[in-house]
Amino acid sequence: MPELPEVETIARQLRARGIEGREIGSAQVNWERTVAPLTAATFSKQVCGVTITQISRVGKWILFSLSSGQTLMIHLRMAGRFSMEPGAHDRLILRLSDGLSLYYRDTRKFGRWRLVDDPEVILSKLGPDALTRKFTLSYFTETLRKRQRKIKPLILDQAIVAGLGNIYADEALWESKIHPERVSNTLNDAELKNLFKAIKHVLRVGVKNRGTSLGKGKTNYRDVEGETGGHRAEVKAYGRGGQPCKRCKTPLKKTVVAQRGTHFCPSCQLR
DNA sequence: GAAGACCTGCTA
DNA sequence: TAGCAGGTCTTC
């Protein structure tokens, strides 16, 4: 569930909570696959006594730089979240200096904590982060022209551009009036530019609103403080099948594209 | 490409 | 009870 804006919100809040500079006294791993391929014992041993020097984000990854020289790379997948308070479904707990604890909660157990010597082993497989200057219009244009693939799965592909997930992909396509099944190399210059700008726009606004929370319950997105994201009210396409388009009033359609639920306006997003 | 796997919980 | 969910990985 968390995409770039949600992950960025969480990284900012972890810094605001003073996690940087704290030493890990011990790690309690309650679901061993979270730290795979390491075992819980090896993971705990390797992070014990190590200080978290810096917290950053690339795409949907959260990076904890460690004083040991290693990097703890965390991917929240569908339902991972952090809390400063204990709760149900805590899969990993870091006991930090000064009595502070950091709780990693993950109802669906999909999230992964990777302890690596060199983060590039993972990061080099990603395309540029959508909100950095590395993600340029010329890169985007050249990359999409070379491909002959439906546009929605292309912009969801983290090796092309890192950060978009199913919500913001639908939002960016709605914003730029492009049908999700358009084939990438049929897009003209104006369309490519509009889509590029829309991707940056929807993600920036998403960050400003501290992410998007939809449904209810234990798998719904919450930030570190337990708050829902404020972007829900700004969503134009995702989850709005059957409701009127906010541009032209035509009822939006919900279909499946590349095995993902997809929401679009059949009137203003032309194929 | 598509389908299944990994998981649990919510909704219809 | 079946179907679906904000993500990715593996295997056809």
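Chain naming here is simple, since letters A, B, ... match the order of the sequence lines and numbering starts at 1 in each.
- Phosphate contact (OP1/OP2 of B:dT8, side-chain N/O of A:Lys109, threshold under 4.0 Å): present.
- The backbone N or O of A:His263 sits less than 3.5 Å from a side-chain atom of A:Asp170, completing a donor-acceptor pair.
- Using a 4.0 Å heavy-atom cutoff across all strands shown, A:Tyr238 reaches sugar-phosphate atoms only and no base atom.
- Both tests hold for A:Arg247 against A:Trp174: distance to the six-membered ring centre under 6.0 Å, angle to the ring axis within 45°.
- In this structure, A:Arg260 reaches the C:dG6 phosphate: one of its side-chain N or O atoms is under 4.0 Å from OP1 or OP2.
- Cluster membership check: A:Leu164 does not share its hydrophobic cluster with A:Ile10, using side-chain heavy-atom separations under 4.5 Å among Ile, Leu, Val, Met, Phe, Trp and Tyr.
- Listed pair A:Gln158 / C:dG7 fails the phosphate criterion, with no side-chain N or O lying under 4.0 Å from OP1 or OP2.
- Taking side-chain N and O atoms only, A:Arg91 has no distance below 4.0 Å to OP1 or OP2 of B:dC7.
- For the pair A:Thr219 and A:Arg149, both in contact range of DNA chain B, the more 5′-proximal nearest nucleotide belongs to A:Arg149.
- Using bins of under 30°, 30° to 60° and over 60° for the plane-to-plane angle, the ring pair A:Phe82/A:Trp113 lands in the tilted bin.
- The residue A:Gln259 sits close to a base: some heavy atom pair falls under 4.0 Å.
- Dashed line: the shortest gap from a side-chain N or O of A:His75 to OP1 or OP2 of C:dT8 is under 4.0 Å.
- Both A:Val207 and A:Ile199 sit in one connected hydrophobic cluster of ILVMFWY residues. Membership requires side-chain heavy atoms under 4.5 Å apart, directly or through other members.
- Within 4.0 Å (heavy atoms only), A:Leu156 reaches no atom of the nucleic acid at all.
- With both ends at atom P, the span from C:dG6 to B:dA12 equals 16 Å, rounded to whole Å.
- Using a 4.0 Å heavy-atom criterion, one finds that A:Arg112 contacts no nucleic acid atom at all.
- Contacts of A:Lys150 with the nucleic acid, taken as non-hydrogen atoms under 4.0 Å apart, are absent.
- Listed pair A:Lys218 / B:dC10 fails the phosphate criterion, with no side-chain N or O lying under 4.0 Å from OP1 or OP2.
- A:Trp61 comes within 4.0 angstrom of nothing in the nucleic acid, heavy atoms only.
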_Pair pattern of DNA chain C in dot-bracket, where unpaired bases get dots and | marks partners in another strand, Watson-Crick or G-U under 3.5 angstrom_ = |||||.||||||

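- Using a 4.0 Å cutoff on non-hydrogen atoms, no part of residues 4-15 of chain A comes near DNA chain B.
- Within 4.0 Å (heavy atoms only), A:Asp106 reaches no atom of the nucleic acid at all.
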